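Below, read A as the first sequence line, B as the second, and so on, with proteins coming before strands; counting in each chain starts at 1. Just so it is clear, the structure is predicted and the values come from calculations on it, not from any experiment.
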2 protein chains.
Amino acid sequence: MAKARKQQEEELTEDLSTEEKIKEAARTVFTKKGYAATRTRDIAEEAGINLALLNYYFRSKEKLFQQVMSENIQKLFGIILPLVTDATTKLDVKIELIASAYIDLIRQNPDLPLFVLSEIRNNPVQFKNRVPLDKILENSSLIEQLKERRPDIHPVQFLLNVLALCVFPFVSRPIWLAAKVFDEKEFAAAMEDRKRLIPVWVKAMLKAK
Amino acid sequence: MAKARKQQEEELTEDLSTEEKIKEAARTVFTKKGYAATRTRDIAEEAGINLALLNYYFRSKEKLFQQVMSENIQKLFGIILPLVTDATTKLDVKIELIASAYIDLIRQNPDLPLFVLSEIRNNPVQFKNRVPLDKILENSSLIEQLKERRPDIHPVQFLLNVLALCVFPFVSRPIWLAAKVFDEKEFAAAMEDRKRLIPVWVKAMLKAK
DNA sequence: AAGTAATTTAATCATTTGATTAAATCCATT
DNA sequence: AATGGATTTAATCAAATGATTAAATTACTT
């Protein structure tokens with residue numbers, strides 16, 4: 001499909017269908033196999049296009065990866081940081097919202113956390129530049145509420161706990177499925193249960209002495 | 001250093017120093033960068049030997065990887081499965097022992113969990129063949145005790161919780177270090193705190209209604 | 001329908017990388 | 001110190017892979 005704009009000689013506003021198709025294919029393959037194990041030919045095949053077209057649109061594997069990575073980080077952190085900083089919700093409600101939103105998000109993108117964690121480890125500086133986590137957490141509503149509730153324990157310990165309880169089951173999912181401790185359906189049901197259970201558990205942890 | 005045995009024409013009992021040196025280098029590089037991103041030349045350099053020597057000892061990158069992977073899985077699961085199946089300890093003690101042993105182990109090998117989880121995802125069948133997790137958990141002491149304590153909740157939910165609280169902080173460590181939420185020393189101290197806190201938290205979770 | 005720019009492709013290039021080989025070096029035994 | 005097997009290396013090969021190019025095709029405008 002040719003572009004429908006000939007007056008715009010400078011433009012970059014592509015007809016999105018092909019470009020998006022490539023990006024989605026790239027997201028699928030990168031997220032499943034990681035950067036190094038992904039061949040651009042795999043992405044092209046997944047997108048149903050030719051290898052050269054991928055470079056025509058994205059210049060290089062690295063540039064394509066950066067775009068996908070950017071959006072993945074945005075997806076994974078964009079959903080939680082607003083909840084963490086929201087000063088209008090009480091602590092217990094925050095935890096319910098975070099658990100529910102996070103489990104829903106990751107259920108739809110089960111490979112996302114392991115991929116993002118791996119790639120952040122490979123390039124922490126890049127992550128730091130994209131997500132100013134220190135600034136966001138500093139004096140965030142959640143951290144303040146945790147300090148107030150349990151001044152004796154570092155507030156990030158509880159943030160770690162909430163994230164751990166939400167994310168770790170998905171990160172370790174291949175283990176439970178391979179070992180047939182759960183099948184796909186049981187796993188999904190267990191994660192659904194956790195949306196209700198995690199807030200109960202975290203409240204109990206906040207009280208525990 | 002030449003071998004000190006000339007009568008043994010069939011042998012494989014290498015003088016271990018070089019072979020072990022290569023394997024340790026491989027463990028370091030594989031664990032840090034993953035299989036695909038690791039070049040055999042990197043391993044050779046890390047080991048202070050030539051590339052050909054690596055193939056002389058291990059035949060191929062894949063074979064070397066399998067050995068390292070085997071030992072890594074052994075390390076990560078070998079320490080916890082005996083505790084899970086030990087019928088002589090009470091539930092609360094089990095949790096203390098697991099948390100303490102696991103955090104100690106991972107503190108010494110902080111890249112291990114992310115590496116093993118990634119590679120299990122890449123090849124779940126191989127993992128299944130190496131660790132018969134279903135057989136081990138089935139009627140294991142820990143699972144039985146969890147069923148008895150909380151018949152209303154799937155026992156693996158609590159196993160997930162213990163592992164999540166122990167492992168996830170290390171898996172996400174690059175995030176906290178990059179964002180300067182913790183420096184290395186503070187992170188280590190926080191993990192040390194968790195050896196005491198996790199059993200308290202898990203007991204609270206087991207009571208929570 | 002012709003012209004034109006956008007899109008797509010097949011073929012090819014250059015580099016990287018896992019692996020091999022033949023020769024050199026080392027070292028215990030004689 | 002000469003011998004011979006064990007160990008190590010430099011050089012090279014072959015396949016995989018990211019990227020480029022020039023030509024072919026498509027579809028919109030006139």
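- Contacts with DNA chain C (heavy atom under 4.0 Å) in residues 46-54 of chain B: B:L51, B:A52, listed by number.
- In this structure, A:T18 does not reach the C:dT7 phosphate: none of its side-chain N or O atoms is under 4.0 Å from OP1 or OP2.
- For B:Y56, whose side chain is taken as the heavy atoms from C-beta onward, the closest listed nucleotide among D:dT8, C:dG18, C:dT8 is D:dT8.
- At least one side-chain nitrogen or oxygen of A:T40 sits closer than 4.0 Å to the OP1 or OP2 atom of D:dG18.
- Dashed line: the shortest gap from a side-chain N or O of A:R41 to OP1 or OP2 of D:dT17 is not under 4.0 Å.
- With hydrogens and angles ignored, the 3.5 Å screen pairs a side-chain donor or acceptor of B:E119 with a backbone N or O of B:Y35.
- The CZ atom of B:F65 sits 13 Å away from the P atom of C:dA19 (whole-angstrom rounding).
- At a threshold of 4.0 Å, the pair B:E24-B:R27 counts as salt-bridged, since one of the basic side-chain nitrogens sits closer than that to a carboxylate oxygen.
- Under the salt bridge (Lys or Arg N to Asp or Glu O under 4.0 Å) test applied with A:E96, the options A:K203, A:R196, A:R194 reduce to a single match, A:K203.
- Using modelled atom types, one finds no donor on one side chain facing an acceptor on the other under 3.5 Å when comparing A:K195 with A:S100.
- Nucleotide C:dT16 holds its P atom 15 Å from the CD atom of A:E62, rounded to whole Å.
- Following rounding to the nearest Å, A:K61 (NZ) and D:dT20 (P) show an atom-to-atom distance of 15 Å.
- Between A:E186 and A:K180 there is no salt bridge, since no side-chain N of the basic residue sits under 4.0 Å from a carboxylate O of the acidic one.
- Atom CG in B:D42 sits about 10 Å away from atom C1' in C:dT17, given to the nearest Å.
- By the 4.5 Å heavy-atom criterion applied to side chains, B:F115 and B:N109 are not counted as neighbours.
- As rounded to whole Å, 13 Å separates atom P of C:dA10 from atom CD of A:E45.
- Between the OH atom of B:Y35 and the P atom of C:dT17 there is a distance of 13 Å, rounded to whole Å.
- Between the CZ atom of A:F30 and the C1' atom of D:dG18 there is a distance of 11 Å, given to the nearest Å.
- The CG-P distance, from B:N55 to C:dT17, rounds to 15 Å in whole Å.
- B:Q66 and B:E62 share a donor-acceptor pair across their side chains, judged by distance under 3.5 Å alone.
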